[in-house]
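Note sheet for the following structure.
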Amino acid sequence: MQQIGIAIAGFGTVGQGVYKHLLQNRALLQQRLGIRFAVHGIAVRNLRRKRLVKVPRALLTRDWKSLVEDPRVSIVVELFGGCNEARRLILAALRKGKSVVTANKALLAEHGEEIFEVTARYRAKIYFEASVAGGVPIIKALREGLIVNRFQMIYGILNGTCNYILSKMSRDGTSFAKALAAAQRDGYAEANPALDIDGIDAGHKVAILASLSNGFLMPFSKVHIEGIRSITPLDIRFARLLGYEIKLLGIIRAENGIEARVHPVLIPRSHILAAVDGVYNAIVVRGDVVGDAMFYGRGAGADATASAVIADISEAGLDRLYSTEMRPLLGPRGRGAAKIKSIDDVVSRYYLRLSVVDRPGVLAGIASVLARAHIGISSVIQPEGHEGKVVPLILMIHDAKYRDMRRALQQIVKLPTIRGRPMLVRVESFDVAPFDGGQDLRPGGDVS
Ligand SMILES: NC(=O)c1ccc[n+]([C@@H]2O[C@H](COP(=O)([O-])OP(=O)(O)OC[C@H]3O[C@@H](n4cnc5c(N)ncnc54)[C@H](OP(=O)(O)O)[C@@H]3O)[C@@H](O)[C@H]2O)c1
């Protein structure tokens, strides 16, 4: 039995889950891998904090540097979170030639260039399965299981907090504020929920997935991000009336450039993602060979995330034992900013809710602005109101570039009958593209 030394940096939600399951399933891991993992230390900030998982006091330290320096430690597991100390720790470990396992999406999305550069320079290795969709092994799927595919589209529910809030609003008809309070009460949202509800956490994951699937580093600043704060129960009600659910989706599409975006989306209620409720994550990958493949599971939590982190620890252990050279794997190499499509050039359909004064000719005024911009209306809902009162007006808009839609909206809000802020949400049906996998296979089986 081979022994490999590891250090865990961070003993919060994920760190405790990792330690607990490394111990609990130690025999299974030994049987499957032929490796015994020995935890030589755990770095924390506060040595006195009460922990849910029991750990020998001697393992805890406030000095993470001593763990990185420890010659017995081959694998450093970074579970601090944040971009400051975690960045220093990871860079120090990589420079020492240690393998690094991390769940830190913010760090990879915002400092990926530096981290991957140091990893390559020191011929070290970094593993980050838990950084996207918690326990769902989407990174390994892209890097290994789907290696032969060009990724035409990757889209999905990447933030459990937002999905919990939107599911609750849809199910119970509650306001955003009440659904957020419930998420905080049930432990599904942080006291400061901005990272989640403003779409930033999902944006970090989109940056990582876009980088992996397209082979160049997607700068986080190029991911278009909109959150869910402005979604109202009214929008959810109208969306349902029209046959849709509203979900916060991360979308990466490769078609005349790479689109990387996070925003609320109306998806048909018949779409498989519309049925993904609560804190679950789900990702659909469309490859040119495999077609559509879907990955579904718990996107966060101590146990699910530990499952992904321990998969990385296992892979790192096997790599250290059985390969001496860097194993080339699908991964980001260099920059590709020129290939990134601006959100202004992204074409989609739209749901537009306006607050209008109920008087004859309102619709004609809006329609003429849209017609001048060559934007078509596919349907209209105008609930009956009373002359002179403000009522909602819902328009479903045909495919249009965001630039054109945005400019038309600037004109529309200036019309004298429009009140308040308009609500614009993209509509996606993700129709299955014609499948042409295998077209290169000529008789005789020559695919060269
Ligand atoms: N929570 C999830 O479900 C989840 C899912 C997927 C990915 N992730 C990622 O996993 C990482 C960890 O998340 P978490 O929820 O486990 O965080 P957490 O509960 O806040 O735990 C962070 C741990 O790191 C320690 N720590 C932080 N900064 C430190 C420093 N400078 N020196 C020493 N110790 C330090 C803390 O020590 P003290 O305990 O002493 O304060 C704590 O034990 C993050 O990158 C997060 O994005 C989390």
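Counting starts at 1 for both ligands and their atoms, following the listed order. Keep in mind the model is a prediction, meaning the values are calculated, not measured.
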Fill in: For atom 40 (O) of ligand 1, closest protein heavy-atom neighbour
N46 N, 2.7 Å
Item to complete: Check whether any N or O atom of R62, backbone or side chain, sits under 3.5 Å from an N or O atom of ligand 1, and answer yes or no.
Response: no
Worksheet item: Do you see a protein non-hydrogen atom under 4.0 Å from atom 47 (O) of ligand 1?
Response: yes
All N/O donor-acceptor pairs, side-chain side in residues 29-42, below 3.5 Å, sequence neighbours left out:
from, atom 1, to, atom 2, distance (Å)
H40, ND1, R72, NH1, 3.3

Worksheet item: Which heavy atom of the protein is the closest neighbour of atom 5 (C) of ligand 1, given with residue, atom name and distance?
Response: T305 OG1, 3.3 Å
Worksheet item: Can you name the side chain to side chain donor-acceptor pair (under 3.5 Å) partners of Y19, sequence neighbours left out?
Response: none
Response to the item:
Rounding to 0.5 Å, atoms CD1 (I139) and OG (S213) come to a distance of 10.0 Å
Fill in: atom 39 (O) of ligand 1: nearest protein contact (heavy atom, Å)
R51 NH1, 2.5 Å
Response to the item:
For L79, the atoms of ligand 1 under 4.0 Å from one of its heavy atoms are 12 (C), 22 (C), 23 (C), 24 (O)
Worksheet item: So, R426 and E259, do they make that salt bridge, N to O below 4.0 Å?
Response: no
Worksheet item: When you measure from atom 14 (P) of ligand 1 to each heavy atom in T61, N104, V14, which option holds the nearest one?
Response: V14
Discussion item. Would you call the rings of Y280 and Y296 parallel, tilted or perpendicular, taking 30° and 60° as the class edges?
Written reply: parallel
Worksheet item: Under 4.0 Å between a Lys/Arg side-chain N and an Asp/Glu carboxylate O for R143 and E315?
Response: no
Worksheet item: Is there a side chain to side chain donor-acceptor pair (under 3.5 Å) between S378 and R349 once you walk through the steps?
Response: CA-CA 9 Å; S378 59; R349 291 181 290 135; over 6 Å; no
Worksheet item: Counting each atom of ligand 1 from 1 as listed, which ones have a heavy atom of E85 under 4.0 Å away?
Response: 31 (N)
Worksheet entry | Atoms of ligand 1, numbered as shown, that sit under 4.0 Å from any heavy atom of A300 | 3 (O)
Worksheet item: So does K65 pair up with E69, basic N to acidic O under 4.0 Å?
Response: no
Discussion item. If you take the centroid of each ring, where Trp contributes its six-membered ring, are Y155 and H271 closer together than 6.0 Å?
Written reply: yes
Response to the item:
Of W64, F80, Y188, the residue with the heavy atom nearest atom 35 (C) of ligand 1 is F80
Item to complete: Please indicate, with yes or no, if any protein heavy atom is found under 4.0 Å from atom 37 (O) of ligand 1?
Response: yes
Item to complete: Find all atoms of ligand 1 within a distance of less than 4.0 Å from any non-hydrogen atom belonging to F11, and give their numbers and elements.
Response: 23 (C), 42 (C), 43 (O)
Discussion item. Counting only heavy atoms closer than 4.0 Å, does ligand 1 sit against the backbone of R298, its side chain, both, or neither?
Written reply: neither
Worksheet item: Once you round to the nearest 0.5 Å, how far does CG of L249 lie from CG of N159?
Response: 11.5 Å
Worksheet item: Within 45° of the ring axis of F80 and under 6.0 Å from its six-membered ring centre, is that where the NZ or CZ of R88 lies?
Response: no
Worksheet item: Which residue and non-hydrogen atom of the protein lie closest to atom 24 (O) of ligand 1, and at what distance in Å?
Response: G10 CA, 3.3 Å
Worksheet, complete the sentence: So the atoms of ligand 1 within less than 4.0 Å of a heavy atom of K105 turn out to be 6 (C), 7 (C), 8 (N), 47 (O)
Fill in: Proximal ligand 1 atoms for A130, defined as those under 4.0 Å from one of its heavy atoms
6 (C), 7 (C)
Worksheet item: To which protein heavy atom is atom 10 (O) of ligand 1 closest, and what is the distance rounded to 0.1 Å?
Response: A103 CB, 3.5 Å
Worksheet item: Is D344 salt-bridged to K401, going by a charged N under 4.0 Å from an acidic O?
Response: no
Item to complete: Quick one: look up the protein heavy atom nearest atom 44 (C) of ligand 1 and list residue, atom name and how far away it is.
Response: G81 CA, 3.5 Å
Discussion item. Looking at ligand 1, would Q16 count as a contact under a 4.0 Å heavy-atom criterion?
Written reply: no
Practice prompt. Look only at interatomic distance and state if G12 has a nitrogen or oxygen under 3.5 Å from any nitrogen or oxygen of ligand 1.
Written response: yes
Discussion item. Starting from atom 19 (O) of ligand 1, what is the nearest protein heavy atom, named by residue and atom, and what distance separates them?
Written reply: T13 N, 3.0 Å
Response to the item:
Checking heavy atoms under 4.0 Å, the part of R45 that sits near ligand 1 is both
